[in-house]
Number of protein chains: 2
Amino acid sequence: MKIGTLEKRSGLTTHTIRYYERIGLLPMAPRDQSGHRDYDETTLAWIEFLGHLKATGMPIKDMLVYAQMRMQGDESGQSRHDLLVQHRTTVRAHIAKLQACLTVLDGKISNYAKTISKSEMKHHAASN
Amino acid sequence: MKIGTLEKRSGLTTHTIRYYERIGLLPMAPRDQSGHRDYDETTLAWIEFLGHLKATGMPIKDMLVYAQMRMQGDESGQSRHDLLVQHRTTVRAHIAKLQACLTVLDGKISNYAKTISKSEMKHHAASN
DNA sequence: CTAGAGGTTTGAGTGCACTCTAGGTCAAGA
DNA sequence: TCTTGACCTAGAGTGCACTCAAACCTCTAG
């Protein structure tokens, strides 16, 4: 698969794909006879997983650590497990915080709703 | 209340407080005779609310819109309400996405856990 | 055979949200 | 009186995660 295809299938731009390779998030892609990158399906799965880490707020630094361990092979299984467990804790805390904020937001919104319906009543009364 | 006190009570640095004022997120604080900012409790409440917007991922641009409406006074009640309702939708979607990612993460983690316990069994068998 | 689409590299530029620096003023305590 | 510390302004610098530019190469269709 060429980089343009991967762009369409992964949702990353070619710019970002090359950038990820440059910094080590993606392994150096094998090149064809004319020097063009040639990807297989596993890259797509890896990018998808990186997307999950990114979506849950993991900084690139940390993804890099995970990527390094992944390149080290099987012996890093425990460390990768630990890193993900650690990250999961962070994500859970983040969700909890968002939900708390959502509650505040709800309160604020219903406050506005009350104020608005009151001012509607006033207008209604005035127009009678 | 002086800016140093507000720093302690709000959790923002004085740098950030002045920056927020510069860009219009905080109203120009009244100054005392020597030109120092003098805050009251309402500023603290406002900063706290800004914190909720920030924590839920609202960009400063949007907070600025809300801040402008707030300065316009009561007539902006409806717009402020609408903005918050809009934002709430965004936040809910964000939480849903995080939870979906969390599920993926859980799957990955239990996969690692399985692999690790298998390799433990192998080591155990080898050491027997 | 030539235009155009898509690939390559290195390095510079962008947008966001701060964060810090330099150079100054001012009030209170030793 | 002198020093210390908290405050002031304008503007420069930082870190993150891209994003784009310039100059070049290579395959394919008309």
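What you see below is based on every heavy atom in this structure, not just the backbone, and it leaves out hydrogens, waters and symmetry mates. The sequence lines fix the lettering, A, B, ..., with proteins before strands; numbering per chain opens at 1.
For the pair B:K2 and B:Y39, the cation-pi test (distance below 6.0 Å, angle within 45°) is failed.
Under 4.0 angstrom from either OP1 or OP2 of D:dC18 there lies at least one side-chain N or O belonging to A:K54. Look at B:R22 and you won't find any side-chain N or O under 4.0 angstrom from OP1 or OP2 of C:dA17. Neither OP1 nor OP2 of C:dC20 sits under 4.0 Å from any side-chain N or O of B:Y19. Between C:dG7 and A:S34, no contact under 4.0 Å exists linking OP1 or OP2 to a side-chain N or O.
You'll find that the side chain of B:R18 is closest to D:dC8, out of D:dT19, C:dC18, D:dC8. Checking C:dT8, D:dC8, D:dC18 against every side-chain atom of A:R31, the shortest atom distance belongs to C:dT8. Here the nucleotide nearest the side chain of A:T16, chosen from D:dT26, D:dC18, D:dC7, is D:dC18.
Between the NE2 atom of B:H36 and the P atom of C:dA28 there is a distance of 11 Å, rounded to whole Å. Atom OH of B:Y39 is separated from atom P of D:dC7 by 10 Å (rounded to the nearest Å). Residue A:E7 contributes atom CD, which lies 8 Å from atom P of C:dG7 at whole-angstrom precision. Separating the CZ atom of A:R37 from the P atom of D:dC25 is a distance of 17 Å, rounded to the nearest angstrom. Rounded to whole Å, the distance from CD1 on A:I17 to C1' on D:dA17 is 15 Å. Across the protein-nucleic acid pair, B:H15 atom NE2 and D:dA12 atom P stand 17 Å apart, rounded to whole Å. Summarising the geometry, the separation between CD1 on A:I23 and P on C:dG11 is reported as 17 Å, rounded to the nearest angstrom. Protein atom CG of B:D38 is 16 Å distant from nucleotide atom C1' of C:dC26, rounded to whole Å.
A 4.5 Å side-chain heavy-atom check between A:H52 and A:M58 finds every atom pair outside the cut-off.
A:S76 and A:G73 get closest at one heavy-atom pair: OG-O, 2.7 Å.
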After noting the C-alpha distance and the side-chain angles of B:E41 and B:M1, does the key distance pass the side-chain contact (heavy atoms from CB on, under 4.5 Å) rule? CA-CA 8 Å; B:E41 297 291 323; B:M1 183 188 341; 4.0 Å; yes

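With rounding to the nearest 0.5 Å, the separation of OH in B:Y66 from CG in B:L50 is 9.0 Å.
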